[in-house]
Amino acid sequence: MKVWIDGQLYEKEQARISVFDHGLLYGDGVFEGIRIYDGCIYRLEQHLERLWSSAKYIKLAIPMTRKEMRAAIVETVRANGLRNGYIRLVVTRGEGDLGLNPENCRKPTVFIIADQIRLFPQELYENGIEVISAAVQRQPVSALNPRVKSLNYLNNILARIEANNAGAHEAIILDLRGFVVECTADNIFVVRRGIVTTPPVYLGALRGITRDAVIEIAREQGLDIREEPFTLYEVYDAEEIFLTGTAAELVPVVRVDGRHIGDGRPGPVFRQLLEEFRRRAPRDGVMIDEG
Ligand code: PMP
């Protein structure tokens with residue numbers, strides 16, 4: 001495997017960054033996870049857009065143009081001979097000293113990993129996963145807006161530890177008032193009385209690229225799709241629930257906090273959206289061969 005770091009490809013064993021990098025010392029950086037479907041880098045432009053927006057929020061100047069970044073990503077995918085897979089793109093504040101002041105970091109570090117990822121075994125995609133609601137709450141948007149895809153994922157990791165402790169596959173995170181926000185690495189959709197609802201991003205959710213794609217498909221298919229706040233009441237009472245994310249893709253949820261959802265099996269709305277998502281994905285992005 002070859003890893004791209006600051007303009008050069010390295011073998012995995014030689015792919016190293018400094019222990020003084022503030023991405024490591026302080027979680028000072030931003031990232032993206034991007035899928036490759038049949039030689040197509042899925043929605044690459046939207047991912048780059050979000051990366052640049054995340055970087056702007058933390059006042060991090062990405063030391064490349066978007067065109068250069070696009071070329072570096074394509075180069076990394078090609079160097080690894082991947083037609084299907086997952087790209088991790090990271091920009092950190094770079095090497096500094098032991099103080100947290102970002103001004104002491106001379107140049108941001110950029111690295112790109114292209115590999116495979118599978119979050120859940122196939123059986124769970126077919127039969128659905130079990131989730132819990134986490135006790136840990138989402139940090140308010142005024143503290144650090146979770147729309148920023150930053151290297152600070154401890155809020156999510158704490159919720160994931162709760163899921164692990166409970167023997168569940170994922171955790172639903174609520175905001176300080178009890179509104180559902182998202183899961184630890186995925187957005188959430190509930191279908192209740194035929195209406196498909198996902199929490200608005202202003203509650204403190206990442207605006208997922210997969211979420212956007214699913215909303216678009218649902219609209220085009222004439223489903224009643226809304227971005228509105230809801231609580232665990234609506235979650236427990238839902239006919240269907242599913243999660244969306246680049247790594248997880250679309251995954252059905254059949255149990256929440258010990259309650260069966262619907263009839264305890266993935267539902268028709270989920271299956272319909274999944275089918276259309278899969279049909280569109282390999283053509284919705286930048287082709288590696290043309291890139
Ligand atoms: N929420 C969080 C917290 C995430 O980290 C992610 C990405 N894994 C998502 C939602 C889904 O976003 P996307 O569809 O862009 O991968």
Side-chain angles (χ1 to χ4, degrees), residues 27 29-37 40-55 57 73 85-91 113-120 125 129 131 133-134 136-141 143-163 169-175 179-190 198-218 227 241-253 270 273-274 276-278 280-281 284-286:
V30 293
F31 76 103
E32 283 295 319
I34 309 168
R35 278 265 176 192
I36 316 159
Y37 290 108
C40 173
I41 306 180
Y42 185 68
R43 295 203 165 193
L44 179 57
E45 292 315 313
Q46 289 92 325
H47 280 286
L48 293 180
E49 184 82 37
R50 188 171 68 184
L51 182 77
W52 256 262
S53 299
S54 294
Y57 185 93
I73 291 168
Y86 176 87
I87 302 158
R88 174 60 56 90
L89 168 59
V90 183
V91 185
I113 306 169
D115 199 1
Q116 302 294 335
I117 196 166
R118 184 180 201 103
L119 281 203
F120 304 111
Y125 282 98
I129 63 167
V131 310
S133 55
V136 68
Q137 295 166 307
R138 175 44 47 93
Q139 82 266 17
V141 293
L144 168 59
N145 196 317
R147 286 187 69 168
V148 179
K149 204 162 165 56
S150 82
L151 295 179
N152 274 267
Y153 253 56
L154 282 176
N155 184 236
N156 308 49
I157 289 167
L158 287 175
R160 180 56 205 243
I161 289 169
E162 289 186 48
H169 305 104
E170 248 292 6
I172 296 173
I173 305 174
L174 310 177
D175 76 357
F179 288 114
V180 170
V181 177
E182 62 177 347
C183 289
T184 68
D186 325 287
N187 293 110
I188 184 167
F189 287 76
V190 303
T198 192
V201 289
Y202 63 73
L203 289 182
L206 186 77
R207 181 169 161 196
I209 307 289
T210 324
R211 174 186 183 275
D212 276 355
V214 165
I215 291 173
E216 274 171 43
I217 292 170
E227 293 176 67
I241 299 177
F242 57 92
L243 312 182
T244 66
T246 296
E249 303 182 284
L250 274 65
V251 59
V253 174
F270 168 76
L273 292 169
L274 175 64
E276 188 57 19
F277 177 83
R278 287 207 177 125
R280 293 183 184 196
D284 189 357
V286 168

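Computed from heavy atoms alone, side chains included, the values below leave out hydrogens, waters and symmetry copies. Note that ligands are numbered from 1 as they come in the structure, with each ligand's atoms numbered from 1 the same way.
- Close approach of ligand 1 to I209 is summarised as follows: ligand atoms under 4.0 Å from at least one heavy atom of the residue are 13 (P), 14 (O), 15 (O).
- Partner of E32 under the salt bridge (Lys or Arg N to Asp or Glu O under 4.0 Å) criterion, chosen from R88, R50, K149: R50.
- Side chains of F242 and L273 form a contact here, defined as non-hydrogen atoms less than 4.5 Å apart.
- More than 12 non-hydrogen atoms from other residues, nucleotides or ligands lie less than 6.0 angstrom from CZ of R280.
- Residue contact check: G245 has heavy atoms under 4.0 Å from atoms 11 (C), 14 (O), 16 (O) of ligand 1.
- Without hydrogens or angle criteria, T198 side chain to I188 main chain gives a donor-acceptor distance under 3.5 Å.
- By the 3.5 Å distance cut-off applied to N or O atoms, T244 is not counted among the residues near ligand 1.
- Using modelled atom types and a 3.5 Å distance limit, the side chains of E249 and T210 yield no donor-acceptor pair.
- Using a 4.5 Å cut-off on side-chain heavy atoms (C-beta onward), F31 and L151 make contact.
- Of the polar atoms of H47, none of the N or O atoms is found under 3.5 Å from an N or O of ligand 1, judged by distance alone.
- Of the protein's non-hydrogen atoms, G208 CA, 3.3 Å is the one closest to atom 12 (O) of ligand 1.
- Nearest to atom 5 (O) of ligand 1 among the protein's heavy atoms is Y153 OH, 2.4 Å.
- Annotation: side chain of V214 is in contact with side chain of L250 (closest heavy-atom distance under 4.5 Å).
- Nearest protein heavy-atom neighbour of atom 14 (O) of ligand 1: T210 OG1, 2.5 Å.
- At a threshold of 4.5 Å between non-hydrogen side-chain atoms, the residues L206 and P146 do not count as touching.
- The nearest heavy-atom contact from the protein to atom 8 (N) of ligand 1 is A185 O, 2.9 Å.
- Within the 4.5 Å cutoff, the side chain of V30 has heavy atoms near those of the L51 side chain.
- Considering backbone and side-chain atoms alike, L206 places every N or O at 3.5 Å or more from each N or O of ligand 1.
- Ranking the protein heavy atoms by distance from atom 2 (C) of ligand 1 puts E182 OE1, 3.5 Å first.
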task: Walk me through it: do R211 and E227 pass the test salt bridge (Lys or Arg N to Asp or Glu O under 4.0 Å)?
output: CA-CA 11 Å; R211 174 186 183 275; E227 293 176 67; 2.8 Å; yes
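- Under a 4.0 Å heavy-atom criterion, E32 is not in contact with ligand 1.
- Inclusion of A247 in the set of residues having an N or O under 3.5 Å from an N or O of ligand 1 is not warranted.
- For ligand 1, the polar-atom distance check finds an N/O of K149 within less than 3.5 Å of one of the ligand's N/O atoms.
- A centroid separation of less than 6.0 Å is found between the aromatic rings of F277 and Y42.
- Checked by distance only, ligand 1 and R211 stay at 3.5 Å or farther apart across all their nitrogen or oxygen atoms.
- Between T184 and ligand 1, not a single N/O pair is under 3.5 Å apart.
- The N/O atoms of N156, backbone and side chain alike, include none that comes under 3.5 Å of an N/O atom in ligand 1.
- In terms of protein heavy atoms, atom 16 (O) of ligand 1 is closest to T246 OG1, 2.5 Å.
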